[in-house]
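A short worksheet on the structure shown next.
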Amino acid sequence: MLKIGVIGCGAIGTQICKAIDNGSISAHLVGFYDRSSEHCERILRSLKNKPVLSSPDQLISKADIVVECASQAAVKEIGLSVLEAGKDLMVMSVGAFLDTDLLKKFVLAARKNGCRIYIPSGAIAGIDGLKSASMATIDKVILSTTKNPKGLSGAPFIVEKNIDLGSFHEKTLIFEGNAKEAVRAFPANVNVAASLSLAGIGSEKTHVKVFVDPEASRNLHEITVIGDFGTFTSRIENIPSPDNPRTSLLASLSAIATLKKITEPLQIGT
Ligand SMILES: NC(=O)c1ccc[n+]([C@@H]2O[C@H](COP(=O)([O-])OP(=O)(O)OC[C@H]3O[C@@H](n4cnc5c(N)ncnc54)[C@H](O)[C@@H]3O)[C@@H](O)[C@H]2O)c1
């Protein structure tokens, strides 16, 4: 049975641990770690089968795969040790991989140690089509994201530009740039821009628009891809996670689906 260790006990980590605990993923939860002991204890209380609390090093030695669902900093702190120990790594804070030197180091370590790095599709639909399309030429990838002001508060772009999120009365474009700039401006919001870049034409060519909408109760992502294959558009209205308005529930579900895929013989999708 696949042995899973989880780093980060927030909205996504909680859903993953519960999915293992209730048998939705046929795997064993060997442990989890969070820099907040309060968050660890909250998860522990919600599980029937309670793993022993572990340090990152203990998790790495016990698990077959370590799932990062914490922060870009956690990817940098823990990711390479996971791969150097020959263990697989799943990364949710995908924005970290727009640092091309970091990504190269990780891929090299994975290759050298015979392990894999998994990046779930996250909060969007269309990564499958984009990956297929990238086998020929792609001309354009455009992502438009619309969020409620609550989902954008505290982002570096909002703070640096001194934007008063309470001042918007209608849907308004507040950011336009490439995916690299978008991830720097909204690190906790546009991991999807990073995933699209990695699956498609890179972070400098992937175009991102961020809208704020006080009427929005869902996180909206609209993706347009144009290439040799033709054109596709995908539009998804995500329900925010009950534990974190910045994170869509679908992101947790995609992490669970990726872990399930690893444990099953039938593989569907690109
Ligand atoms: N790929 C996607 O589509 C997608 C979608 C949503 C969120 N995310 C990303 O996934 C990550 C987790 O999201 P979430 O909604 O569960 O966040 P969250 O804020 O609800 O939980 C994160 C948890 O990780 C812990 N943490 C943060 N940095 C840590 C570190 N360096 N070491 C140990 N623990 C640490 C925090 O204490 C917190 O409990 C975030 O980086 C988020 O941006 C990705």
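Order of appearance sets the numbers: ligands from 1, and atoms from 1 within every ligand.
Of all atoms in ligand 1, numbered sequentially from 1 with element shown, those under 4.0 Å from a heavy atom of His39 are 37 (O), 38 (C), 39 (O). Interface atoms of ligand 1 facing Cys69, defined by a heavy-atom separation under 4.0 Å, are 11 (C), 12 (C), 22 (C). Against a heavy-atom cut-off of under 4.0 Å, Ala74 is close to the following atoms of ligand 1: 30 (C), 31 (N). Listed by number with element, the atoms of ligand 1 under 4.0 Å from a non-hydrogen atom of Ala251 are 5 (C), 6 (C). Ligand 1 places these atoms under 4.0 Å from at least one heavy atom of Val94: 1 (N). Those atoms of ligand 1 with a heavy atom of Gly8 less than 4.0 angstrom away are 24 (O). Proximity to Gly122 (heavy-atom distance under 4.0 Å) selects the following atoms of ligand 1: 2 (C), 3 (O). Interface of Ala123 with ligand 1, defined as ligand atoms under 4.0 Å from a residue heavy atom, comprises 3 (O).
Polar contact check, Met92 against ligand 1: a nitrogen or oxygen pair lies under 3.5 Å apart. For ligand 1, one of its N or O atoms has an N or O atom of Ser93 under 3.5 Å away. Considering backbone and side-chain N/O of Glu77, one or more are found under 3.5 Å from N/O of ligand 1. Residue-to-ligand polar distances keep Gln72 apart from ligand 1: every N/O pair is separated by 3.5 Å or more. Among the atoms of Ser36, none of the N or O lies under 3.5 angstrom from an N or O of ligand 1. For ligand 1, the polar-atom distance check finds an N/O of Ala11 within less than 3.5 Å of one of the ligand's N/O atoms.
In the hydrophobic clustering, where aliphatic and aromatic side chains (Ile, Leu, Val, Met, Phe, Trp, Tyr) are joined below 4.5 Å either directly or transitively, Leu173 groups with Phe211.
Using cut-offs of 30° and 60° for the angle between ring planes, the Phe157 and Phe175 rings count as perpendicular.
The minimum heavy-atom distance linking Lys62 with Val30 is given by the pair NZ-O, 3.7 Å. Taking all atoms of both residues into account, the shortest heavy-atom contact from Ile236 to Ile124 is CG2-CA, 4.3 Å. The nearest pair of heavy atoms linking Leu80 to Lys105 is CD1-O, 4.0 Å.
Among Lys76, Glu68, Gln72, the single residue meeting the side chain to side chain donor-acceptor pair (under 3.5 Å) criterion with Ser93 is Glu68.
Of the possible donor and acceptor atoms, one in the side chain of Asp64 sits under 3.5 Å from a partner among the backbone N and O of Lys3.
Closest to atom 7 (C) of ligand 1 by heavy atom, among Thr247, Ile119, Leu250, Asp34, is Thr247. The heavy atom nearest to atom 18 (P) of ligand 1, considering only Leu249, Ile12, Asn244, Ile127, is found in Asn244.
A salt bridge between Arg45 and Glu41 is absent, with no side-chain N of the basic residue lying under 4.0 Å from a carboxylate O of the acidic one.
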Next on the checklist: side chain to side chain donor-acceptor pair (under 3.5 Å), that's the test. Do His207 and Glu176 meet it? Break it down for me.
Outcome noted: CA-CA 8 Å; His207 194 72; Glu176 188 162 10; 2.9 Å; yes
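Val91 and Ile16 are members of different hydrophobic clusters when ILVMFWY side chains are connected at heavy-atom separations under 4.5 Å.
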